[in-house]
Every structure is written in C-alpha cells, then in structure tokens.
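Heads up, the thing below is written out as structure tokens.
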There are 2 protein chains.
Amino acid sequence: MVMNMTDNEQKPNSNTKKYRTPDGVPADIVMFTLTKRERKTVTKTLPIRELKVMLIRRRSWPCAGMWALPGGFCRESESIYDAAKRELKEETGVDGGHLEYLGVYSTPGRDPRGWIISQAFYALVEEWMLEHRQAADDAEEVGLFTIEEALEELELAFDHRDIILDAYRKIQHQMLQTTIAKQFLPEHFTLSELYQVIQTVVPEFKEPNFIRKITSTRSRQGILEEVRDENGKPLNSNQYSQRPAQLYRFTDHAPLLSIYT
Amino acid sequence: MVMNMTDNEQKPNSNTKKYRTPDGVPADIVMFTLTKRERKTVTKTLPIRELKVMLIRRRSWPCAGMWALPGGFCRESESIYDAAKRELKEETGVDGGHLEYLGVYSTPGRDPRGWIISQAFYALVEEWMLEHRQAADDAEEVGLFTIEEALEELELAFDHRDIILDAYRKIQHQMLQTTIAKQFLPEHFTLSELYQVIQTVVPEFKEPNFIRKITSTRSRQGILEEVRDENGKPLNSNQYSQRPAQLYRFTDHAPLLSIYT
DNA sequence: AGAATAGTGTCTTTCAGACAGTATAAG
DNA sequence: CTTATACTGTCTGAAAGACACTATTCT
C-alpha cells in the first residue's frame with residue numbers, strides 16, 4: 001500500500017505502526033424474536049406472545065460462563081453491515097430477517113482482550129430461524145430470554161447489557177414510529193394481532209379505540225389496507241376468534257411525524 | 001496483555017497478528033451551523049437564516065484539494081464519543097455545541113490509506129464558534145457551505161458526500177421529532193423565530209396556523225412555555241417585528257410520537 | 001395613514017375518547 | 001343460550017384548517 005504521511009489530520013498506521021491501532025472491530029447482534037405460544041383455553045384466542053433475545057453462553061476466556069451477544073470480527077474485505085449479515089446468517093442459517101445498525105461501543109477497557117470496538121446491530125428474526133441454531137451448533141449453549149431476564153437476572157459479558165438495553169429502547173421507538181411491526185406479523189393479519197404485537201414490544205401502549213382509529217381516521221390511511229380477494233370481497237380470518245375479523249396488510253407508506261403539527 | 005485464543009467466536013489479534021486489524025478508526029464530524037444575516041429592509045424583520053456545513057480543504061494525499069469533514073483518529077485511551085468531542089473542541093476552541101452519533105462508514109476501499117473505519121457524528125454549533133477556527137488555523141482552508149453546495153457542487157473526499165447526506169436527513173428528522181431546534185435558538189425566542197428555524201432545516205415544513213396550534217392545543221402543551229417576568233407578566237420582544245411578540249422557551253419535555261394513535 | 005408583523009374570532013370538518021349496543025361464530 | 005371476539009352507533013369535546021378580522025408598533 002502506498003503511504004504518504006504528510007497529512008496532519010489523519011495519520012493511518014498500517015505499515016509504520018507509529019500509532020496504535022484497534023485490535024479488532026466485531027459486529028455484535030442483538031437478535032430479537034417474538035415467540036408465539038398457544039393458550040390452552042376452550043375457545044379460540046390469540047396466542048401468548050413474548051419478546052425474546054438470543055444469547056450465547058461463552059465457553060472461554062474472557063467472560064467464560066457468561067451470556068453474550070452473538071458476533072464476529074469484521075474482515076478487511078467487507079463492510080461492517082456485511083459482517084453483521086454474515087454473522088446473522090451463520091447464526092440462523094437463513095438469509096432473511098430485518099437487520100439494522102444500532103451503534104458503536106468503544107469505552108476503553110470494555111474488552112480485556114485489547115482495544116476492541118464493537119459495532120452493534122439488532123435483528124428481528126422468526127422463531128423457527130433460531131431453532132436451526134440450537135440444533136446445529138452443539139458447541140455452544142444458546143438461550144432465548146425475555147428482556148427482563150436478560151437485563152436483570154443474567155450475568156452478561158462485556159458491556160452487552162448496555163447494548164441490549166439500547167437495542168430494546170430503539171426497537172420500542174421503532175415499533176411506534178415505523179412499520180417494523182410487519183417483521184413480526186404474517187403478510188395478512190388482523191388488527192387484534194397487530195395491537196398485540198405492538199403491546200408486546202411496548203407494554204405502555206394502550207389504545208382503547210385501536211380498531212376504530214386505524215380504520216376511520218384519514219391521517220392513518222395509507223399505513224394499512226384491507227386485504228380483498230380477486231372479486232374485491234374483503235378477506236376474513238377466524239383463526240383467533242369466533243367472529244371472523246378483517247385481514248389487513250401494510251402498505252409501504254409510513255408517515256413522517258412531527259411534534260409541532 | 002494476556003491472550004487466550006481458544007474462543008471460536010471472537011478472535012482478537014493484537015499480539016499474534018494472525019488476523020488483519022483495521023488501520024485506524026477516526027471520528028468524522030458533520031458540523032452544522034445556522035447562519036444569521038440581517039436583511040436590509042426599512043422595517044424590522046427576521047434575519048435570513050441558512051443551514052451550513054463546515055468543511056476543510058485537504059492539502060495532502062489522499063484526496064488533496066478536495067473538501068472533507070473535520071475528523072481525527074481515536075486513541076486507545078478514549079471512547080469514540082470522546083474522540084469526537086476532542087475533535088470538536090479542537091475545531092472550534094469551545095466545549096459547547098450539541099454532538100450526536102450518526103453512524104459507521106466502513107465500505108472496503110473507502111480510504112486509499114488502508115482499512116479505515118469512520119465513525120461519523122454530527123454537531124450543531126453556533127456561527128461564532130467557527131470563526132475561531134477560521135482565524136486560528138492558517139494551515140488549512142476552511143469553508144462554510146449550504147447543503148446544496150456541499151452535495152452538488154463540491155468535490156468531496158472519500159465517502160463524505162454520503163455522510164453529509166445521511167447527517168442532513170437525520171437532522172431534518174430530529175428537527176421535527178425532537179426539540180433540537182433549541183440548539184439553534186436563544187434561550188428565549190418568538191414563535192416566528194422557531195417557525196423560521198424549522199423551515200430553514202426542513203423546507204417542506206408548512207404550517208399556516210403554526211402559532212395557533214402551538215398555543216392552543218393541549219397535546220402540544222409542555223413542549224414550550226411562555227416566558228414571564230418576576231411579577232408573572234408575559235415577556236415580549238419587538239426585536240424582529242413592529243408589534244411585540246410573546247417570548248417562549250423550551251421545557252425539557254418532548255412527546256413520544258406514534259404512527260398508530 | 002400605511003406597512004408590517006402578531007395574534008384572535010369564527011366556522012366547518014375531522015378526530016379522540018368513552019361506552020353502550022349489535023354481529024358472528026363456537027361450544 | 002352463553003361466551004368470546006369483532007366490530008358499529010352515538011354523543012361530547014378537542015383539534016385541524018381556512019380566512020377574515022383586530023392589535024401594536026414603526027415610519
């Protein structure tokens with residue numbers, strides 16, 4: 001590589017080693033999934049949903065025995081995002097899933113192995129994608145935890161608690177302001193399902209007239225649309241209820257909100 | 001440093017150099033400022049405001065002669081955020097200013113000097129803070145450009161065009177959804193000033209009944225409050241208008257928006 | 001008086017929020 | 001017939017949006 005070190009602003013150091021360089025830049029991924037568990041009741045009902053995080057128990061130094069985020073070091077030939085995508089695929093065996101950048105974690109001393117600058121991502125995957133991992137990789141213990149368990153009961157490696165907390169806040173924010181809810185729903189869904197998904201991720205979200213508001217206010221038009229068959233007849237589902245409910249899908253429109261209007 | 005490389009997930013490399021490590025992790029800063037220019041009219045009026053970006057013309061390889069974001073390499077003893085803060089202070093000579101993380105830029109080959117992973121920030125500073133830089137540093141040419149100039153007319157170094165574009169989008173988003181407008185305003189301001197600041201950053205923002213909405217709708221209560229003197233009498237300003245206008249200040253409350261409610 | 005900016009009155013349409021009532025289907 | 005979920009009717013008060021009108025000050 002040609003080097004010319006007269007620039008007084010940015011001094012790289014790959015050959016001269018005049019300056020210390022980082023020992024590695026891993027991509028760590030907070031992998032969220034929404035589990036679905038049948039409720040054993042007499043009548044049809046929505047399943048119980050829970051937001052969970054996948055963690056891996058470390059087997060070696062440092063932080064041996066503690067739970068950590070899956071991750072891997074970035075290579076020179078790829079971008080950080082590509083590294084995260086590769087890692088996500090390695091963990092799930094699948095290409096799918098929503099992957100988004102979260103932030104950088106670089107506090108000095110955060111990793112005893114050296115100067116390690118973590119780039120954090122979060123992913124939304126489906127539950128079955130994680131079963132692959134649990135089966136395939138016998139080398140490591142894999143666990144699915146609720147956020148509360150992960151944040152309060154587990155011993156977490158490095159600063160991974162901070163990362164998980166930041167990811168949790170971000171996903172809550174995004175759940176209310178973007179249409180990522182679609183990542184947790186089938187193509188067609190009922191409004192009760194949507195409401196449940198939102199509430200699972202953001203328990204504070206309460207909206208007594210949810211169905212009414214979605215269906216009848218003009219400013220919400222365009223986020224969702226009714227699903228109809230070829231003849232234009234509305235499509236229903238009674239999978240989770242006695243009375244069939246109208247099915248909806250997301251459009252690709254998401255409104256831009258403002259605190260001033 | 002003790003090293004134990006049995007972990008098959010994360011392999012650092014500071015001593016063994018078995019793996020290639022990055023050649024440097026700089027913090028690059030998109031420094032925005034809102035310039036104020038008096039309009040030469042007969043009557044009192046609001047000044048002309050413009051959103052500008054500070055850039056530095058590079059003097060040496062690589063990208064010599066091109067305009068680039070100010071930035072500097074992170075040291076092992078500091079976090080990325082601290083590096084950005086240090087850089088901001090070096091550029092302005094002042095500790096103040098709003099500094100926020102933007103994202104990571106790591107496309108392979110983005111910097112001909114090697115494997116350089118940029119961490120981008122954006123800062124909101126006041127115009128006078130930049131004058132310091134222009135005077136003090138005779139070594140480098142400093143320029144203030146509008147976003148349009150920066151994005152369309154200038155030859156920009158590395159992938160700094162992408163970074164500036166991302167920063168611009170983010171600041172527009174933040175202007176509508178948070179109260180960063182306060183970074184561009186004095187402690188006390190009139191609603192016309194606020195409206196002008198928002199429109200300067202987000203030209204699409206149009207709100208004919210702006211004053212009415214801010215002052216009379218309950219959901220906006222709490223973002224702003226009227227400024228009053230010790231006796232509880234409303235404080236006015238006629239700095240920019242014939243008729244005195246009520247002064248406001250931001251509270252520290254910012255509402256959380258949702259596309260569903 | 002005229003100009004320029006700050007704000008108010010008023011009217012219509014839409015939305016929010018509450019809560020009772022009806023609709024559809026399963027057991 | 002009961003129960004459980006999915007809606008709809010209806011009413012009140014708040015907010016949006018438009019536009020004419022008044023208010024305060026400077027020249």
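Throughout, protein chains are lettered first and strands after them, A, B, ... in sequence-line order, and every chain is numbered starting at 1.
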>> Mind checking if Ser192(A) touches a base, just sugar-phosphate, or nothing, with heavy atoms under 4.0 Å?
In response: sugar-phosphate

>> Just to be sure I understand the rule, does Glu207(A) reach a base, reach only the sugar-phosphate, or reach nothing, if contact means heavy atoms closer than 4.0 Å?
In response: sugar-phosphate

Just how far, in rounded Å, is [atom2] of [N] from [atom1] of [X]?
X: Gln246(A); N: dT8(D); atom1: CD; atom2: C1'; answer: 15 Å
X: Arg39(A); N: dA4(D); atom1: CZ; atom2: P; answer: 12 Å
X: Ile214(B); N: dA16(D); atom1: CD1; atom2: P; answer: 10 Å
X: Asn236(A); N: dT5(D); atom1: CG; atom2: C1'; answer: 13 Å
X: Leu247(A); N: dA6(D); atom1: CG; atom2: C1'; answer: 13 Å
X: Arg212(A); N: dG9(D); atom1: CZ; atom2: C1'; answer: 7 Å
X: Asn209(B); N: dA18(D); atom1: CG; atom2: P; answer: 8 Å

>> So which atom in Asn236(A) and which in Pro244(A) form the shortest heavy-atom distance, rounded to 0.1 Å?
In response: CB-CB, 3.7 Å

>> If the condition is side-chain hydrogen bond (donor to acceptor under 3.5 Å, both in side chains), which residues does Glu127(A) pass it with, not counting sequence neighbours?
In response: none

> Parallel, tilted or perpendicular: which fits the ring planes of Phe210(A) and Phe205(A), with parallel below 30° and perpendicular above 60°?
Replying inline: perpendicular

What's touching nucleotides 24-27 of chain D from the protein side, N or O pairs under 3.5 Å?
none

Taking 4.0 angstrom as the limit, do [X] and [Y] come out as a salt bridge?
X: Lys89(B); Y: Glu91(B); result: no
X: Arg49(B); Y: Glu193(B); result: yes
X: Glu187(B); Y: Lys182(B); result: no

> Which two nucleotides bound the region of DNA chain C that has atoms under 4.0 Å from heavy atoms of chain A, read 5' to 3'?
Replying inline: dT14(C) to dA26(C)

> Is the centre of the Phe32(A) ring less than 6.0 Å from the centre of the Phe184(A) ring?
Replying inline: no

>> Counting the benzene-type ring for Trp, do Tyr101(A) and Tyr122(A) have ring centres under 6.0 Å apart?
In response: no

>> Nearest heavy atom decides the nucleotide; on that basis, is Thr215(B) or Thr45(B) closer to the 5' end of DNA chain C?
In response: Thr45(B)

> Distance check: side-chain N/O of Ser216(B) vs OP1/OP2 of dA15(D), anything under 4.0 Å?
Replying inline: no

>> By the definition ring-ring contact (aromatic ring centres under 6.0 Å, His included), identify the one residue from Phe250(A), Tyr248(A), Tyr240(A) that meets it with Phe189(A).
In response: Phe250(A)

